[in-house]
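Throughout, numbering of the chain's residues begins at 1 and tracks the sequence.
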Amino acid sequence: MTARLFEPLTLDSLTLENRILIAPMCQYSARDGEATDWHMMHLGQLAMSGAGLLTLEATAVSPEARITAWDLGLYNDGCERALARVLDAVREYAPIPVCIQIAHAGRKASSDAPWAGGKQIPPEHPYGWRTEAPSAVAHGEGEVPPHALDAADLKRVRDDFVATAKRAVRLGIEAVELHGAHGYLLHQFLSPIANKRTDAYGGSLANRMRFPLEIYDAVRDVVPAGSPVWLRVSATDWVEDGWDIDETVELAQALKKAGSPAIHVSTGGVSPKQAIKIGPGYQVPYAERIKAETGLATIAVGLITEPRQAEDILAEGKADAISLARAMLYNPRWPWHAAAELGAKARAPKQYWRSQPHHLKDLFKDTAFGQR
């Protein structure tokens, strides 16, 4: 019997050959939003991994939407050209479909790179700027508060998401994930911790969901039918009186009505006061509940590191796909090793077919050998 992890998954008209998804992972290595040779190396090795889908890192819709001054963007022709160069190289050698995570950092923008401490960079600094958010409430104590978005700003941000989505479509990207997790702008609208508005975009759950759903609809409208568009969410803030799983289920139901075929379920990020209970697969119960109550295909993520662990999550019906980030960075051949352990087949580039272990003659798909 085929391992569940290596069964195909269809989202709208896009069929993935297995259920291993490479999660978006920020690299903080772009220049003025433009992809560099680092992205060529990084995405190139991940594209050869045998996973079912490769998701680009959080890709900003404007310069001020970047988490750091070194974030990837897709907001001008230079960004588009640079990313096209990387994607052209990836596609020449790897048939893996590509997803883009479209993002706006909101009040968590203007940060330093993680390896430099990750603190807020003040607006007057060459690598800093004034951030924007639902409300003029700083993320952390002592930080410069963000500009509260007014009606004209909301339209601008919506238009920026749409423009980036159109560029992604031009680049032939097959799927779109909107970043509504980890304390960034769309999550800030959802969470009462960050959203103190008194207009139609704040207060009640329906009001707090309004802007993320407007963004979803606007992006869905410009992405071709059949190409899936979904949201990554934080199912809980891990803070009392914050965004929680009950509200996430309601959001998931609204997204399903809007046409989303899936939801990517993470947690946390909106407050330094979060108290996360970390352990293997610690976020899976949230994906499981959303799947059970909405029927949406759920993508589980978070300390899923072992092939058997991933297989059990799918076999027990807790999720429909597994998203890997740090485990994939640590072992870019994770899908090969998972296939070997679970008795399945994985895709490998022909240049690497000779690496197939002697005792696993059928590990790689479509192999052929000949030498004189």
Given 3.5 Å as the limit, does a donor-acceptor pair link the side chain of [X] with the main chain of [Y], or not?
| X | Y | result |
| --- | --- | --- |
| Arg19 | Asp320 | yes |
| Asp244 | Asp246 | yes |
| Arg66 | Ala69 | yes |
| Ser110 | Ile121 | yes |
| Gln309 | Leu303 | yes |
| Thr294 | Gln253 | no |
| Thr55 | Ile22 | yes |
| Asn207 | Gly202 | yes |
| Trp243 | Ser234 | yes |

Cationic N near anionic O, under 4.0 Å, [X] to [Y]:
| X | Y | answer |
| --- | --- | --- |
| Asp312 | Arg4 | no |
| Glu214 | Arg210 | no |
| Asp366 | Arg347 | yes |
| Lys318 | Glu316 | yes |
| Asp153 | Arg156 | yes |

(request) Not counting sequence neighbours, list each pair that qualifies as a ring pair (Phe, Tyr, Trp, His ring centres under 6.0 Å) and has a residue in residues 69-103. (result)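 Those involving residues 69-103 are Trp70-Tyr127.
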Spacing of [atom1] belonging to [X] relative to [atom2] belonging to [Y], to within rounding of 0.5 Å:
| X | Y | atom1 | atom2 | value |
| --- | --- | --- | --- | --- |
| Leu213 | Ile215 | CG | CD1 | 10.0 Å |
| Glu132 | Leu154 | CD | CG | 9.5 Å |
| Leu231 | Thr248 | CG | OG1 | 10.0 Å |
| Cys99 | Leu14 | SG | CG | 9.0 Å |
| Thr15 | Glu174 | OG1 | CD | 12.0 Å |
| Trp38 | Met41 | CH2 | CE | 5.0 Å |

Taking every non-hydrogen atom, the tightest pair across [X] and [Y]:
| X | Y | value |
| --- | --- | --- |
| His139 | Ser271 | CE1-N, 3.8 Å |
| Val229 | Ser260 | O-OG, 3.4 Å |
| Lys361 | Gln356 | O-NE2, 2.9 Å |
| Val301 | Val265 | CG1-O, 3.3 Å |
| Pro145 | Arg130 | O-NE, 2.9 Å |
| Leu46 | Met25 | CD1-CE, 4.0 Å |

(request) List the steps, then state whether side chain to side chain contact (heavy atoms under 4.5 Å, CB included) holds for Lys345 with Asp362. (result) CA-CA 7 Å; Lys345 289 187 175 188; Asp362 294 318; 3.9 Å; yes
Does a sphere of radius 6.0 Å around [atom1] in [X] hold more than 12 heavy atoms from other residues, nucleotides or ligands, not counting ones at 6.0 Å or beyond?
| X | atom1 | result |
| --- | --- | --- |
| Arg31 | CZ | no |
| Gln351 | CD | yes |
| Arg170 | CZ | yes |
| Glu141 | CD | no |

Evaluate the side-chain proximity of [Y] to [X]: yes if any heavy-atom separation is below 4.5 Å, no if none is.
| X | Y | answer |
| --- | --- | --- |
| Pro332 | Met48 | no |
| Arg232 | Leu178 | no |
| Pro123 | Val144 | yes |
| Pro192 | Arg208 | yes |
| Leu56 | Leu74 | no |
| Met209 | Leu190 | yes |
| Leu251 | Leu205 | no |
| Asp71 | Thr68 | yes |

Can [Y] be reached from [X] by stepping across I, L, V, M, F, W or Y side chains whose heavy atoms are under 4.5 Å apart?
| X | Y | answer |
| --- | --- | --- |
| Val98 | Ile102 | yes |
| Ile193 | Leu185 | no |
| Ile263 | Ile313 | yes |
| Val270 | Val239 | yes |
| Leu255 | Tyr184 | no |

(request) Run the numbers on Asn195 and Gln188 for side chain to side chain contact (heavy atoms under 4.5 Å, CB included), then give the verdict. (result) CA-CA 6 Å; Asn195 186 344; Gln188 290 162 26; over 6 Å; no
(request) Classify the angle between the aromatic ring planes of Phe211 and Phe189 as parallel (below 30°), tilted (30 to 60°) or perpendicular (above 60°). (result)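 Rings of Phe211 and Phe189: tilted, as their planes differ by 30° to 60°.
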(message) Lys365 vs Glu17, test: side chain to side chain contact (heavy atoms under 4.5 Å, CB included). Steps then yes/no.
(response) CA-CA 11 Å; Lys365 293 183 176 183; Glu17 71 174 353; 3.2 Å; yes
(request) Can you spot which of Trp336, Tyr352, Trp353 makes a ring pair (Phe, Tyr, Trp, His ring centres under 6.0 Å) with Phe364? (result)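 Answer after filtering Trp336, Tyr352, Trp353: Trp336.
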(request) Determine, stepwise, if the pair Leu11 / Leu53 fulfils side chain to side chain contact (heavy atoms under 4.5 Å, CB included). (result) CA-CA 11 Å; Leu11 301 172; Leu53 184 72; 5.9 Å; no
(message) For Thr267 and Gln283, which I'm curious about, is there any donor-acceptor pair between the side chains at under 3.5 Å?
(response)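 Their side chains do contain a donor-acceptor pair, which is all the 3.5 Å distance test asks for.
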(request) Decide whether His104 and Asp160 meet the rule of one side-chain donor and one side-chain acceptor closer than 3.5 Å. (result)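 Asp160 and His104 do not have a side-chain donor-acceptor pair below 3.5 Å.
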(request) Please say which of Arg85, Glu57, Gln27 ends up in a side chain to side chain donor-acceptor pair (under 3.5 Å) with His39. (result)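 Single pass found, and it is Glu57.
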(request) Mind checking salt bridge (Lys or Arg N to Asp or Glu O under 4.0 Å) for Lys196 and listing every partner two or more places apart, or none if nothing turns up? (result) none
